[in-house]
Amino acid sequence: MGKKSNVAFALAAAAGAAWASTKALSKPQSRPPKKALEYEQPIILAHRGGSALAPECSPSAFEQAAKLGVHGFEIDIRLTKDEEIIVFHDEELNRVTNFAGKVSDYTLAELKEADLGHHFLDVEGAPSFKNCGEQIITLGELLNSYPQMLINMDMKDAPQTYEGSLMPSKLWRLLEEHQALDRVVVASFYDDQLDRFNLYAQNSVALGASEKEVKKAYTAYTSQFKHLYHPKADVFQIPVRSNLFPLDNPGFIKFLNSLNIPVHYWTIDDPEMMKRLISNGAKGIITDRPDLAMEVLKLD
């Protein structure tokens, strides 16, 4: 055996020994159970209330979805100028309402004058909710109106903004006030926001995975070091693909499920894809078409 071969063999042996030692020292840790995520069958979450059927995040959207029998809502939350938490996705008002500018430039009372149905077109292309009184609602109003629903909320304000710096503490107080800790999932694309929120919650509330957490989990799954992954999230809400990486792989779903982490996919409006994802092990479908999704569940 030559000198180069000896070096290569030594390096391989060292790598193998390192891998074996990590296996011995690090054991996979499942996430503790959360009441909000205790369900036997796959669930349907209406995305922004079901934004293909009614204006997103509007009272009518949530009401229609509830009547269809969905298990909950997937929403986004932002802070107003007077520091009220509202149910709204965009930083700007222009796309959805007849107002212009940032959400944070308006008080709640001012935002209540905006028309959520201003730009909405239904599945037939008709402006069926324009000037029909669809108002922006607060998170508190949604929690009060649907005490039986699972509500998955995404903190949208970036942590470096004034609104973002206040959101975790304000959200925690609101959830405590409404005694809603066992029926919500708190999510964010930002690790910092989830960490800040959890300083208050102390793992008493189900947490969704940030973008960074999803990357960490997928990297662990595709490596020989799955045992080194220690999750910080209780549920993954993810698309079927991130850049070039397929996140709907049954093996990836199984890996997360083995850690007591259910996987929900967004935003899925095609019934055939819903069926495939559920067959692959998905525990939740987030959709703009809750009408189609509920039919899929009946057939499953």
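Numbers here are sequence positions counted from 1.
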Could you tell me whether the side chain of [X] and the main chain of [Y] form a donor-acceptor pair under 3.5 Å?
| X | Y | result |
| --- | --- | --- |
| D122 | S128 | no |
| N243 | F245 | no |
| R183 | L143 | yes |
| D157 | L79 | yes |
| D270 | M273 | yes |

So, [X] versus [Y]: side-chain donor-acceptor pair below 3.5 Å or not?
| X | Y | value |
| --- | --- | --- |
| T267 | D288 | no |
| T287 | D269 | yes |
| E213 | Y218 | no |
| R95 | H119 | no |
| E141 | Y146 | no |
| S60 | E134 | yes |

Count the heavy atoms of every other residue, nucleotide or ligand shown that sit under 6.0 Å from CD of Q179, and state whether that count exceeds 12. no

More than 12 heavy atoms of other residues, nucleotides or ligands under 6.0 Å from NZ of K112: yes or no? yes

Apply the side-chain hydrogen bond (donor to acceptor under 3.5 Å, both in side chains) test between K34 and each candidate in D234, N260, N203; give the one that qualifies. D234

Separation between [atom1] of [X] and [atom2] of [Y], rounded to the nearest 0.5 Å:
| X | Y | atom1 | atom2 | answer |
| --- | --- | --- | --- | --- |
| F120 | E56 | CZ | CD | 9.5 Å |
| I85 | E163 | CD1 | CD | 12.0 Å |
| I77 | K170 | CD1 | NZ | 12.5 Å |

Closest non-hydrogen contact found for L181 with E176 is CD2-N, 4.1 Å

For residues L53 and F129, report the shortest heavy-atom separation together with the two atoms involved. O-CE1, 3.9 Å

Check the orientation of F197 and W172. Use parallel for under 30°, tilted for 30 to 60°, and perpendicular for over 60°. perpendicular

